[in-house]
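For reference, the structure is listed below as structure tokens.
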Amino acid sequence: MAKKKCPECEECLPAWLAAFGDLMSLLLCFFVLLLSMSSMDAKKVSEAIGSLSGAMSVLEGGTQTEISTKRMLEATPIDSQDETSDTVNRIKQAAGDANEMMEQAQTPTITVREAQDGFVIKMPAALLFKPGSATIENQDALLFLKRVALIIEALPQDMRVDAQGYTDNVKPGADSPFKDNWELSAARAIAVVHELILDGVAPKRLSATGFSQYHPIATNATKIGREKNRRVELHFYGKKNEEQSKVGKSILDKTAGTK
């Protein structure tokens, strides 16, 4: 029995396929027009990402959205860093600018590091004072302190700043008005505090401490080491809750209560 011959295929595509292609093209144009007429609200997208990452800890690098009436009304974008990190970055930027302006001095540079309760700005004494002096004369250093003062003013009011002066183990020279390193370190810390006050920082937020030669960060046996030890540090820390400090009584209080 002879096999049936397969019918010959049409040379052109089926008519329904042409109509289907036209329909897909029209749909594509339609969605392109919709997309072109719509606008992405970046604030709402950022707010949603921050909310999800803070609540579920799913998205990397997110922080929890701060809930407040102002935020709910304005729907402002979420910062990916907390306030302390942002402040440290601003301080580092100011320190970098100051180091660039003072790079010809070939002395230790201004550094910023984070601490357990805040952060610390370390300023070499050579950038601030002449040997045996506690008067700030470097204009670039004064400009840097002005920028620091502006940043302090933008911080919460419970943030405190302690200026700490340090020296090497060499006593002040005979032409210095200070008889020992205790006086010199304290005077330099006070000079920095006075400059910050002149630049607008509230005095109640500041304190000054002198440590003399007894907290070196390098050896005093070399010139480079002694240069590193002569410094003024600004320690930023949050004010402790007064109610918590009253909970634990000192030994003197307990002793006085037993009498």
Side-chain angles (χ1 to χ4, degrees), residues 42-47 49-51 53-54 61-102 109-125 127-129 136-165 188-209 231-245:
K43 291 185 177 181
K44 291 182 179 179
V45 173
S46 180
E47 186 77 22
I49 292 175
S51 299
S53 60
T63 57
Q64 188 172 6
T65 305
E66 179 185 357
I67 301 175
S68 64
T69 304
K70 184 177 181 181
R71 178 173 291 276
M72 293 175 64
L73 292 176
E74 296 181 357
T76 55
I78 301 298
D79 268 341
S80 61
Q81 295 179 332
D82 58 22
E83 190 172 7
T84 301
S85 298
D86 180 65
T87 302
V88 172
N89 289 335
R90 292 174 61 192
I91 292 286
K92 286 182 178 180
Q93 180 63 44
D97 295 341
N99 290 332
E100 288 182 3
M101 291 186 293
M102 297 181 287
T109 57
I110 300 172
T111 59
V112 183
R113 62 178 175 85
E114 294 192 48
Q116 184 175 3
D117 55 349
F119 57 95
V120 180
I121 304 174
K122 185 179 68 176
M123 300 176 290
L127 300 180
L128 299 170
F129 313 100
I136 305 176
E137 299 180 353
N138 190 314
Q139 295 301 318
D140 293 330
L142 291 172
L143 180 61
F144 172 72
L145 290 177
K146 290 182 184 295
R147 293 184 65 177
V148 171
L150 292 175
I151 295 174
I152 294 174
E153 285 299 294
L155 291 174
Q157 291 300 311
D158 61 349
M159 183 69 75
R160 300 291 186 264
V161 182
D162 183 31
Q164 301 179 359
R188 286 179 170 177
I190 293 173
V192 172
V193 166
H194 283 166
E195 186 59 36
L196 292 176
I197 293 174
L198 290 175
D199 294 333
V201 180
K204 65 180 180 180
R205 303 180 65 182
L206 302 171
S207 60
T209 313
R231 67 197 188 277
V232 175
E233 295 181 355
L234 293 177
H235 287 248
F236 290 72
Y237 60 94
K239 183 181 179 183
K240 293 182 179 179
N241 194 332
E242 296 180 359
E243 301 234 346
Q244 293 179 353
S245 63

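No experiment lies behind these values; they were computed from the predicted model shown.
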| query | Which heavy atom of Lys204 sits nearest a heavy atom of Arg160, and at what distance? | reply | O-NE, 3.8 Å

| query | Can you find a heavy atom in the side chain of Glu233 that is under 4.5 Å from one in the side chain of Met123? | reply | no

| message | I need the Glu114 CD to Phe236 CZ distance, nearest 0.5 Å. | response | 12.5 Å

| remark: Heavy-atom closest pair (Ala189 atom, Ala163 atom, distance to 0.1 Å) is CB-O, 3.4 Å

| field | Atom of Ile152, atom of Val161 and distance for their closest heavy-atom approach | value | CD1-CG2, 3.8 Å

| said: Does any part of the side chain of Leu142, heavy atoms only, come nearer than 4.5 Å to the side chain of Gln139, both counted from C-beta? | reply: yes

| request: State, to 0.1 Å, how close Glu153 and Val201 come at their nearest heavy-atom pair, and which atoms those are. | output: OE2-CA, 3.3 Å

| task | Please test Leu150 against Val148 for side-chain contact (heavy atoms from CB on, under 4.5 Å), starting from the C-alpha separation and ending with a verdict. | result | CA-CA 5 Å; Leu150 292 175; Val148 171; over 6 Å; no

| query | Just wondering, do Ile197 and Asp199 contact through their side chains at under 4.5 Å, heavy atoms? | reply | no

| task | For the residue pair Val120 and Val112, establish whether any side-chain heavy-atom pair is separated by less than 4.5 Å. | result | no

| request: To the nearest 0.5 angstrom, please state how far the CD1 atom of Ile136 sits from the CD atom of Glu195. | output: 5.5 Å

| field | Spacing of Ile110 atom CD1 and Leu234 atom CG [to the nearest 0.5 Å] | value | 9.5 Å

| remark: From the list Leu127, Ile121, Asn138, Leu128, side-chain contact (heavy atoms from CB on, under 4.5 Å) partner of Phe144 resolves to Ile121

| field | Shortest non-hydrogen contact from Ile190 toward Ala208 | value | CG1-CB, 3.8 Å

| request: Using atom types as modelled and distance alone, determine if a side-chain donor or acceptor of Arg113 lies under 3.5 Å from a backbone N or O of Phe119. | output: no

| field | Nearest non-hydrogen partners of Leu196 and Leu145, listed with the distance | value | CD2-O, 3.6 Å

